[in-house]
Every structure is written in C-alpha cells, then in structure tokens.
Number of protein chains: 4
Amino acid sequence: MARPRTDDKRSRILHAAVKVFAKKGYFGARVSEIAKKAAVADGTIYLYFRNKEDILVSLFDAVMAEHLEQGRQELEGLHGSREKLRSIATRHLKLLGENRDLAVVFQVELRQSTQFMERFTASWLHDYFALLDHVIAEGQEDGSLRPDLPRTLVAKAFFGALDEMVTSWILSRKDYDLARLADPVVDLLLEGAALPRTRSARLALAAASGSGG
Amino acid sequence: MARPRTDDKRSRILHAAVKVFAKKGYFGARVSEIAKKAAVADGTIYLYFRNKEDILVSLFDAVMAEHLEQGRQELEGLHGSREKLRSIATRHLKLLGENRDLAVVFQVELRQSTQFMERFTASWLHDYFALLDHVIAEGQEDGSLRPDLPRTLVAKAFFGALDEMVTSWILSRKDYDLARLADPVVDLLLEGAALPRTRSARLALAAASGSGG
Amino acid sequence: MARPRTDDKRSRILHAAVKVFAKKGYFGARVSEIAKKAAVADGTIYLYFRNKEDILVSLFDAVMAEHLEQGRQELEGLHGSREKLRSIATRHLKLLGENRDLAVVFQVELRQSTQFMERFTASWLHDYFALLDHVIAEGQEDGSLRPDLPRTLVAKAFFGALDEMVTSWILSRKDYDLARLADPVVDLLLEGAALPRTRSARLALAAASGSGG
Amino acid sequence: MARPRTDDKRSRILHAAVKVFAKKGYFGARVSEIAKKAAVADGTIYLYFRNKEDILVSLFDAVMAEHLEQGRQELEGLHGSREKLRSIATRHLKLLGENRDLAVVFQVELRQSTQFMERFTASWLHDYFALLDHVIAEGQEDGSLRPDLPRTLVAKAFFGALDEMVTSWILSRKDYDLARLADPVVDLLLEGAALPRTRSARLALAAASGSGG
DNA sequence: GATGAATGAGCGTTCATTCAT
DNA sequence: GATGAATGAACGCTCATTCAT
C-alpha cells in the first residue's frame, strides 16, 4: 500500500526468489544469491523481509491471495458444481502449468517441513479447501453430487488428484500442457473410473437376484 | 556393502532417524541427535550409512521394498480391479496411518527437494505407479473400468487422492483411523462424486437421441 | 579477487598466521586461533583467503615477491659474481634471521608435503634458483668461477648450504646472528674447504708425474 | 631382539608405512591404509607401535641406525678426509637415490613440524653431524682442510648441499642417478666454485706483498 | 597375539543476519 | 533507504585409538 517506488525492489526480490528456490531448493538457496539476482544488496533483503523464511511465505501469500481472489470472482459467474469444479481445476493447473519455477516452489519447497506445511495449510490452503467444500456442498444440495460422500473427503481427493498432476508434470521432463488435464480429472472425479455398465450390470444383477428372491 | 556384525545397530539407527526426521525435518535433524537416540556413537552411523542423506534414502528403500513386496503378494490372491484397488488403498493408508512419524517422513521430508523427489520417484514410486497402472489396465481389459480414461491419469489421481488423505491426517491434530478412508476413496474414484441419476439422465438422453438418430 | 576495504585486516591475518603456523605447525594450527590472534571473526578469514592452505601460500607469495624484488634491485648495483653471491646469501640469512617465526614457517611448514613443496618450487623457488643460476653463469663467463662445474649443481649446493644454516639456527636454541654466517659460507663455497696447498701439492705431484712420464 | 616370528609383521608395517607416507604425506596417511597395505588388522599396528607418530619415528630410527653403522664401518677402511667425505656423500645419495619413497619420507615428511625436526635432529642427525665433524676435524689436523673455517659450518654446508641434491631430485620428475652427484659436490665443497687462478693471483699478490714486506 | 567394530573428540567452512556508514 | 563487510554459531564427517572377543 504505502510502499511506492521501492515496491519494485520487493517485487524483484520475490521474482528472484522463485527462481532461486526452484533451482536450489529452500535450504540450498543462498540469500546472497537471491539478492544478486534481484540486483540489490544482501542487507536490502532485510528491509523487505524479516528473514529467509519470510521470503518464501510472502511469496506464497502473494500468489495465493491473487489466485484465490480471481478464482472466487470467476466462480460467481458460473452455475452448477460441475462447471465450478472444472473452473477451479483449470485455474489450478493453469497457474502452475504456466510457470514451472513457481510450480516447483509450491509442490516441493513449500513442503520442506511440517512447520511450513502447517502454516501453509493454516492460511491459504485452508481457504482453498473451504472454497472447494462450499462448491461441493452446493452440488450436494442441488442434487448434482452424491450426498453420501463426506464433503471434506471429496475435497481432499479433488485437491490431491490435481496436486499429483502438477507434481508428476514437474518431475517429468516432458513439457506437456498441464491445464489440458483439468477436464479429464474432473470427469474422473465426477463420473468415476468404473464403467457405467458396471452399474447397469450390478443393477441387472440386483434385479435378477431381486426377482429371483 | 559395509554390513558389520550387528544388523541390530543399523536398525536402531533407522528407527531413531524416523523419529528425529519426523520431529525436526531432514535439514533440521542433527546426525548426532540420531546417534544419541539410537544409543550409538556419532561415528558408528557412518559404518552403516554413507552420509546423512543415505540414512533417509535407506529408510525409504527399506519401507518401500517391504511394502511393495507384501502388496504384490496380497494382490495375487485377489480378483477384479475393484478388489485390488481397495487392497492397495487400504495397505497404503494402513502403512502410514499406523506410524505417524513414518508418515511425516514420507509425506514431508522425502519431498525436500526436486533432487530427493526425483530419486524417490525414479526408484520405488515408479514401481508403485507401475503396479497401479497394471491393475487399472486389467480393469480396462476385463471391462470393469472405463477404457476412455488414460491409465496414467487414473493412477495419478488415485495416488494423489490417497496421498492427500495422508497429508491431511498428518497436519490435522485429530488421530482418526486413516485406513478407514480407503473404502470411501476407492468408491469415489470408481463411482465418481456425481449422483448416479446424472448418468441415468445422460443415458436416457443418449437413448432418446439414439432412437431419434 | 576479494579485496575488501581494509587491507589492514588481510595483513593482520597474515601476521597472526605466521605466529600460529610457527608455533603449532600448519596442520596443528587452528583457523579459529589465527582469527583470534588477528582479532577478527572466524568467517572474516574467508573474505580474504579461499581456505587455510591459501593463507600459507599467500604468506609465502607475499614474502617471496618482496624478497626477490629487493634482491634483484640490490644485485643491479653490484659487480662480480663474488659480490653478488655474498649479497644473496646475506639477504637470505637476514630475512629469516630477523624473524624466527617466519623462518620456521619457511623452513618447516612449507615443506609439509610434496604437494606444497612442488607448488613452492614451481613458483618462487624456481625464480630464486634462476637468479642464482644467472649469477653463476655470469661468473663462469667472466672467468671468476670454474666453468667445469654444472651451474645447477653449484646453485643447489649454494642454496642447500644456506638453507641448512637457517634450519640449524631454528633448531638450535641459541640466538646467534644468522646473517653473520653469510660471508664464511660464501667463502667456503667459493674457495673450498680444502687447504690451498692441497692444490699446490697436487700440481707438484702432477708436475712430478708429468716430468716422469 | 625378542620378537621372533612377528618381527615380520613389524617389518611389513614399516615397509607399508614408507609407501603410504611417501604417497600421502604424514598427515594425509591413514593408519588403516598402512594396515591394509601391510595386510594386518588396524589394531595390530598398535601392538608394534605406540601410535602413528611412532611409526614414522621408528622408520627413521631403523634406517638411520643401519646407515650410520655401515657408514662408520666403511670409514674405518679409508684414509684422508677427502676419501671419507666422498664416502659419506656417496652413501648418503645412494641410500635415498635408490628408494624414492624413502627419500620422500626423509626429505619431506620428517620435517612436518619443529617437533619432529627436533627429535629427528636430537637423535640420529646429531650423530650424523658428529661423524662429519670428526672427519673434518681430522682433515684440519692433518693439514688437508682449511683450519680457518668453523668445523660445524663446514659440516652444515656439506650436509645442506647433499640434502638439497636429494630434495631437488625428488621434486624433479627426471630419474637421474642421484649418487653420481657425490663426486662433483665433494669437489665443489673442497675446491670451491672459484677458479683456481683466483688463488694463484691472490698467492701471487701475497707473495709480492710478502717479498715487498 | 590378532582382530576390526566401535568410539567420540575435533575442526574447516558456510551463510543468515547485523549495523556502521 | 541502501549497502556490503563483518560476524560467529553451527555441524557433518573423519580417523586415530581402544578393547571385547
């Protein structure tokens, strides 16, 4: 807010940090290297961030704040849990799929320790899960989603599936379009991996046994 | 290589390492602390492990080797992808749900850096995915699973969902029974989160348009 | 390369290093002890030197660079190999005779290992020998030195004799004036230890046998 | 004395030590490496030697004891300081010139620290210098050597010259015959590097001034 | 005597952070 | 605000030595 010209420096530091963290890992990253890449003095970093960890946390905060805000706005214009989940998945995979360094930081470096993980979860991830939860609740209420599955379980599975897509993408050397996986993942999560005729068969079986009984 | 007389010591070091890594994180863990907890001298560690990293890697290798072996054996006695996926999920959640420290190490510490992740993936996780892939392929061939979804995508989603169950469980303070989530997760992944009538409706629609075509 | 503001610190470290190396030996010397004696923090050492070995090498370089330069200048004003050798010997013994710690480092610590020795020889000692060689060559050409002795052999014997004077002086507890040995050593090397009449006798003998033949 | 069969082990350890010390230097040498090369267990070393340093010292003692004893015996059959110095020089250069590893240990490793040097000097080197001193004294008494030069100075110069021949030979990669340098070195030390006519001239001058006086 | 597994003291070096300028 | 020289705590690992077998 009240950080006019110099906000440029803060931003430069954050951008440099993404690159360095992605390349070296959080513990492997040197504050002096971030400073160098940001073209500021080592000491300057400490005018904008409390310490090394604060750089990582701030990075995460900045990205999540924007991502969540934009995500919520996009959801307002959509109807139906199906559409909304598709939107969330697409945005999730797009955000990270468009910036591999950022993805590395989010998938790997932020999970350095339970300490990080907890703060990470406590702040923004919690909001992200709340958003998912809300959409799922809506779906269960409007009859588009099964009400027999616990909402949080569905949310976790949804997040976990997306998360693994990103992780796999990072570790794979291939540079395929991550966002394209959004639709099939949502399809899988909504319709299931089982063949429909499984159900028909089961129903048929049930009918048969029912008629037989 | 260096496997001195007492395998007991090696084992004690590994058990101590799980605890220390879980509590302090890999980078925060001190080799001397592991030694102390294992009741051996600092130097003794290096009779059994090349270095600190080797402790972590060996830990992972040992657990995965046994887990995968037992998993494969159990699968041999089962029929149908549904049963097999249920077995895999249950074993996965049981393994980690029964040892929180081990779970922390697997969920958090092993993901310290892309370097770790890659080795991790390259060795055992690769095998784990291959196992999943195989079961899914079987299902697609015997007609129990949808053939239109890419196998790897299903495998990733399956793994990602389970993985997130574990991570959530670790970060949550509540000590619920993790393994109990196996069935609902498999159910979700197989049948989907959408209400069956969605399909009926679609089928009806398809039938209608089919009859009309 | 890294030459921060105060050359004073670098110099303080080098002076402290001479004392500590002389007292404890290179391997016995602790970097932290050098830092303490130089009144700088341990880490500061590494702003001025790459590592512990670099301190020793830099020390040697600094001393030799100055010593050789001054030596060459002094030689320019002198005439005759006899005078020049006397100058070299005097300066050699003076340099080390005036600073016992430095002498210890040069006589003992720099010879820690063939590795050190080779670097030592390759750089400055090579120049020193070249200087000696040059003076000896001059003497052989102007007829003041025997041409039948290989120059390098004379140079080595000259250096070796001086070197042993220093080593003996260090190991002896007596604090005699080392530089005073310069003249007798040069005298010995130039005139030989044998009594002149040895030659006369030999000449006589040769004459006798010659006349007899 | 009373170390029958096992003296073989002690000897094997010493031979292994020469090689390892020569290759790695005293501080770089690992006791376990010496043990391995000697084909004994690490602990066995400590049945024959007090500690690592004792191996080096014992090595030196053994070599020097034999060398000095044989040297003294050879001198008994010779007459004249010239012949005796030639014998000493030849034996000195032969001993080390025939075993480069041993030479490295004697020239470099034994000079690790003033502590070593002092012990080294105090024990055998002292005897070696006494031997030299004795031969030089004889020469001065029988009129073959100049009486105006301090005996110790001549002894040091003699030793220093030989010592430098060995050191140069070690550091040079060329494998010339070291012992062949004995004669020219003795010649240089006895007759001097200056041209004889220098003396003739001086004698002439002295004669002239003498006749004039 | 011989072994070699076990010990644990010891240290060079790094790097996040500070603060005088 | 900005700098970057200076700080000093912190730690993985080695290896000479011991001692139970």
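Please read all numbers here as calculations on a predicted model, not as lab measurements. Proteins get letters first, then strands, A, B, ... in listed order; numbering begins at 1 in each.
- Annotation: the span from A/F106 atom CZ to A/I170 atom CD1 amounts to 11.0 Å, rounded to 0.5 Å.
- Which of E/dT13, E/dA2, E/dT17 sits closest to the side chain of D/K9 comes down to E/dA2.
- Atom CD1 in A/I55 sits roughly 8 Å away from atom P in E/dT17 (whole-Å rounding).
- With values rounded to the nearest 0.5 angstrom, A/D42 atom CG is found 10.5 Å from A/K36 atom NZ.
- Judged by closest nucleotide on DNA chain F, A/G43 is the one of B/G28 and A/G43 placed further toward the 5' end.
- Of the possible polar contacts, one joining the B/Y26 side chain to the B/E53 backbone as a donor-acceptor pair under 3.5 Å is found.
- Summarising the geometry, the separation between CZ on B/R50 and P on F/dG12 is reported as 17 Å, rounded to the nearest angstrom.
- At whole-Å resolution of the value, CG in B/D42 and C1' in E/dG10 are 11 Å apart.
- Counting any heavy atom pair closer than 4.0 Å across all strands shown, C/A39 reaches no nucleic acid atom.
- Atom P of nucleotide E/dT13 and atom CZ of A/R30 are separated by 16 Å, given to the nearest angstrom.
- When the nucleotides E/dG12, F/dT3, F/dG12 are ranked by their closest atom to the side chain of A/L47, F/dT3 comes out on top.
- Remark on DNA chain F: of its neighbouring residues B/K52 and A/A41, the 5'-side contact belongs to A/A41, judged by nearest-heavy-atom nucleotide.
- For the pair A/E53 CD and E/dT17 C1', the interatomic distance rounds to 15 Å; values are reported in whole Å.
- When the side-chain nitrogen and oxygen atoms of D/Y48 are compared with OP1 and OP2 of E/dA2, one or more of them lie within a distance under 4.0 Å.
- Sequence order on DNA chain E of the closest nucleotides to C/V31 and B/V40 puts B/V40 first from the 5' end.
- Note: A/F27 and B/F27 have parallel aromatic rings, judged against thresholds of 30 and 60 degrees for the angle between ring planes.
- We find that CD1 of C/I34 is positioned 13 Å from C1' of E/dC11, with the value rounded to whole Å.
- Partners of A/D101 under the salt bridge (charged side-chain N to carboxylate O under 4.0 Å, His left out) rule, at least two apart in sequence or in another chain, do not exist in this structure.
- Under a cut-off of 6.0 angstrom, the local environment of CZ in B/R50 is sparse, with at most 12 non-hydrogen atoms contributed by other residues, nucleotides or ligands.
- Here the P atom of nucleotide E/dA5 and the CD1 atom of B/I13 are 14 Å apart, to the nearest Å.
- Other residues, nucleotides and ligands contribute only 12 or fewer heavy atoms inside 6.0 Å of the NE2 atom of D/H15.
- In this structure, A/D8 atom CG and F/dA2 atom C1' are separated by 14 Å, rounded to whole Å.
- An OP1 or OP2 oxygen of E/dT7 is reached within less than 4.0 angstrom by a side-chain nitrogen or oxygen of B/T44.
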Q: Toss me the dot-bracket line for DNA chain E: Watson-Crick and G-U wobble, both under 3.5 Å, 5' to 3', using | for pairs to another strand and [ ] for crossers.
A: .||||||||||||||||||||
